[in-house]
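A short worksheet on the structure shown next.
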Amino acid sequence: MGGTFIGQHDSWNRQPRSGYKVIFVPFADGHPAGTPEDILTGFVSAQGEALGRPVGVAVDRAGALLVADDVGNSVWRVTPAMPK
């Protein structure tokens, strides 16, 4: 089973804020199949300020998730945690 990563940029005019995260949507037979899973969160502070806004996602050759952030003007490279 595959899926796709989706960067949820934001909805600045909603209360509470929505978006500001990267999710994974599983697919089966070319269609969404299952509940979206939060992959990368924490882009909003406890005071409600945007710390980041994911605007684009891609997977590099090594399998890491690349996330473009237009608040921090940077690209995050996210890899799975190493097993202990």
Side-chain angles (χ1 to χ4, degrees):
M1 177 152 78
T4 190
F5 292 99
I6 300 171
Q8 294 186 323
H9 189 253
D10 72 8
S11 183
W12 62 270
N13 59 349
R14 288 188 184 172
Q15 290 300 327
R17 291 182 184 250
S18 64
Y20 297 94
K21 62 183 174 180
V22 176
I23 62 172
F24 179 80
V25 177
F27 272 58
D29 298 320
H31 300 283
T35 304
E37 177 184 351
D38 288 350
I39 299 298
L40 186 60
T41 62
F43 287 102
V44 178
S45 73
Q47 294 76 31
E49 299 170 341
L51 303 174
R53 292 167 59 185
V55 293
V57 296
V59 177
D60 71 11
R61 290 182 186 177
L65 180 65
L66 303 174
V67 180
D69 169 11
D70 74 351
V71 168
N73 197 27
S74 58
V75 175
W76 297 85
R77 184 173 188 269
V78 182
T79 59
M82 297 299 294
K84 292 182 180 183

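Note that the structure is predicted; figures quoted are calculated from it, not measured.
- In this structure, Leu66 shares a hydrophobic cluster with Val75, the cluster being traced through Ile, Leu, Val, Met, Phe, Trp and Tyr side chains under 4.5 angstrom apart.
- One hydrophobic cluster holds both Phe27 and Ile23 under the rule that ILVMFWY side chains link at heavy-atom gaps under 4.5 Å.
- Residues Pro32 and Val25 share a closest heavy-atom pair of CB-CG1, 4.1 Å.
- Legend: residues meeting salt bridge (Lys or Arg N to Asp or Glu O under 4.0 Å) with Asp29, ordered by chain and number and at least two apart, are absent.
- The CG atom of Leu65 sits 9.0 Å away from the CG atom of Asp60 when rounded to the nearest 0.5 Å.
- Connection of Phe24 to Tyr20 is established within a shared hydrophobic cluster, with ILVMFWY side chains joined at heavy-atom distances below 4.5 Å, either directly or through further cluster members.
- For the pair Lys21 and Pro54, the tightest heavy-atom approach, listed with the atom from each and the gap, is O-CG, 3.6 Å.
- Listed by first and then second residue, the salt bridge (charged side-chain N to carboxylate O under 4.0 Å, His left out) pairs involving residues 61-76 are Arg53-Asp70 (not counting sequence neighbours).
- One hydrophobic cluster, built from ILVMFWY side chains closer than 4.5 Å, cannot hold both Val44 and Val71; they sit in different ones.
- With hydrophobic clusters built from ILVMFWY side chains whose heavy atoms lie under 4.5 angstrom apart, Leu40 shares a cluster with Val59.
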